[in-house]
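Everything below concerns the one structure shown next.
The sequence lines fix the lettering, A, B, ..., with proteins before strands; numbering per chain opens at 1.
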Amino acid sequence: MDNKATIASLTVNFGDGTTDNGSSSGDDSSRQHYDVAIIGGGPAGLSAALYTARAGLRTVILDKSPYAGALGLTDKIENYPGVPGPISGIELLRIFREQALSFGAVYLQETVLSVDPTSDPKEVITTRQTLYADRLIVASGAMGRKASLPGEERLLGRGVSYCATCDGAFFTDQPVAVVGDTEEAVEEALFLTRFARPVHFLARGSTLRAPGELVAELKSHPRVVWREKVRILEIVGDKRVEGVRIASPASRGQEEFLPVKGVFIYLQGNRPILDFFQGTALPALTADGCVRVNEEYETSLPGVFAVGDLTCKKVRQAVLAAADGVLAALAVERQLRGRAKIRSMW
Amino acid sequence: MKPAVTVYSTPTCPYCNAAKRYLKERGVPFRDVDVSRDQRAAMEMIRKSGQMGVPVLDIGGRIVVGFDRNKINALLGFH
């Protein structure tokens with residue numbers, strides 16, 4: 001498909017959308033300065049927040065979603081010490097969060113887009129604001145992925161997108177597909193219904209990890225075609241996405257071709273999530289792409305700590321991630337209070 | 001002389017808003033083009049970048065796809 005044909009469906013308004021200096025962004029641009037910013041609201045990040053907040057440090061937790069992450073996906077936990085189970089990961093995280101917040105930590109459900117770990121204080125740009133912190137504790141987990149579906153990387157920006165709120169307007173009245181099982185996938189699919197038709201929702205499993213009311217809204221939406229247990233075989237297209245080849249129980253495992261113009265992908269993998277470090281500011285990594293840390297969990301970037309699954313433990317358990325967070329928090333407290341040694345906090 | 005800066009964006013795009021906020025905080029004037037409202041500008045953006053995704057920044061004729069702080073800094077002479 002050529003550019004002209006693609007753009008013909010872009011918008012109904014030929015008016016001049018130009019404004020000066022982005023005054024329509026609608027962002028909260030107020031500046032906030034914290035002692036420590038914690039990226040990630042899993043067991044490592046929330047344990048770090050508990051300790052830094054309890055030590056009187058101004059602490060902010062930046063969490064993409066209380067449903068995201070490895071612990072949030074776990075249905076039944078019976079072996080977290082001190083918490084008799086069975087308990088869901090989401091419920092255990094709620095307890096972690098409330099305990100940290102009870103000592104004054106600030107919890108913001110915002111995605112971190114970019115950090116400058118070398119500035120002083122360190123600059124953190126989220127989906128809503130720019131904030132500053134003297135220390136960073138990165139606890140973003142290891143559920144990242146690289147482009148792995150056939151055709152995905154080649155057609156990125158040519159119909160393949162990871163951001164419906166960014167690119168949905170390019171697909172007005174066009175058929176699109178959303179691939180994923182998460183709350184983010186459901187929210188983005190619902191956003192796409194403002195523009196695209198139909199929106200094929202291609203779930204890899206049969207259940208979605210999202211609030212029930214969102215799932216109900218998705219499944220009943222007149223513009224959504226819901227499919228489950230879908231295997232994505234290939235995203236097809238030459239210069240632009242022209243369709244996606246899939247197989248699913250609905251087609252009795254036979255290959256099917258969906259003629260969509262856009263494919264929005266929200267899949268997860270097992271790679272450390274470090275995309276908010278850009279280019280030269282990346283901390284030193286191991287050969288496996290994990291973050292190198294010292295015994296206090298500080299990275300090669302001074303004042304930047306990494307905890308939990310980012311460090312690629314041999315054993316991935318919430319209690320070990322929590323312990324990482326505690327050790328990093330104690331080191332942060334020592335650095336900011338100017339002591340040579342970590343003080344035990346009973 | 002500082003390069004002219006244009007940001008091609010959509011109003012709901014968090015990366016676009018972050019890029020615009022980044023420029024504003026550094027006092028960089030720019031032209032903000034909403035490609036969800038301006039079809040000709042959208043075509044111009046696709047022609048320049050080969051991309052159907054936003055944000056796209058045109059900094060003195062050099063194209064930056066996405067909110068790429070390092071590239072933006074390099075083209076604007078920031079450190």
How many angstroms lie between atom CZ of A:R158 and atom CD1 of B:I46, to the nearest 0.5 angstrom? 10.5 Å

Could you give the distance from CG (B:N73) to CG (A:D116), rounded to the nearest 0.5 Å? 8.0 Å

Please determine if A:E123 and B:R26 form a salt bridge, counting it only when a charged side-chain N lies under 4.0 Å from a carboxylate O. yes

Atom of A:L113, atom of B:A18 and distance for their closest heavy-atom approach: CD1-CB, 3.6 Å

Tell me, out of B:R69, B:Q51, B:K71, who's got the most heavy-atom pairs with chain A below 4.5 Å. B:R69

Between B:D68, B:V5, B:V54, B:T10, the one whose heavy-atom pairs under 4.5 Å with chain A are most numerous: B:V54

Which answer fits B:V7, side chain, backbone, both or neither, if we ask what part of it has an atom under 4.5 Å from a heavy atom of chain A? neither

d(A:S114 OG, B:F67 CZ) to nearest 0.5 Å is 4.5 Å

Out of A:V115, A:L156, A:T118, return the one with the most heavy atom pairs under 4.5 angstrom to chain B. A:V115

Reported OH-to-OG1 distance for the pair B:Y15 and A:T165, which is rounded to 0.5 angstrom: 8.5 Å

If the condition is ring pair (Phe, Tyr, Trp, His ring centres under 6.0 Å), which residues does A:F264 pass it with, not counting sequence neighbours? A:F171

N/O donor-acceptor pair under 3.5 Å between A:T127 side chain and B:P14 backbone: no

Under a 3.5 Å distance rule, please check whether B:S36 uses its side chain to pair with a backbone N or O of A:A169 as donor and acceptor. no

Kindly compute the distance separating CD (B:Q39) from OG1 (A:T172), expressed to the nearest 0.5 Å. 9.5 Å

Counting only heavy atoms from other residues, nucleotides and ligands, does the tally under 6.0 Å from CZ of A:R145 exceed 12? yes

Of B:T12, B:V65, B:T6, the largest count of non-hydrogen pairs under 4.5 angstrom with chain A goes to B:T12

Look at atom NZ of A:K122 and say whether more than 12 heavy atoms of other residues, nucleotides or ligands are closer to it than 6.0 Å. yes

Set of residues satisfying ring pair (Phe, Tyr, Trp, His ring centres under 6.0 Å) with respect to A:F191, sequence neighbours excluded: A:F195

Just verifying a value: how many Å separate B:R21 CZ and A:T130 OG1, rounded to the nearest 0.5 Å? 4.0 Å

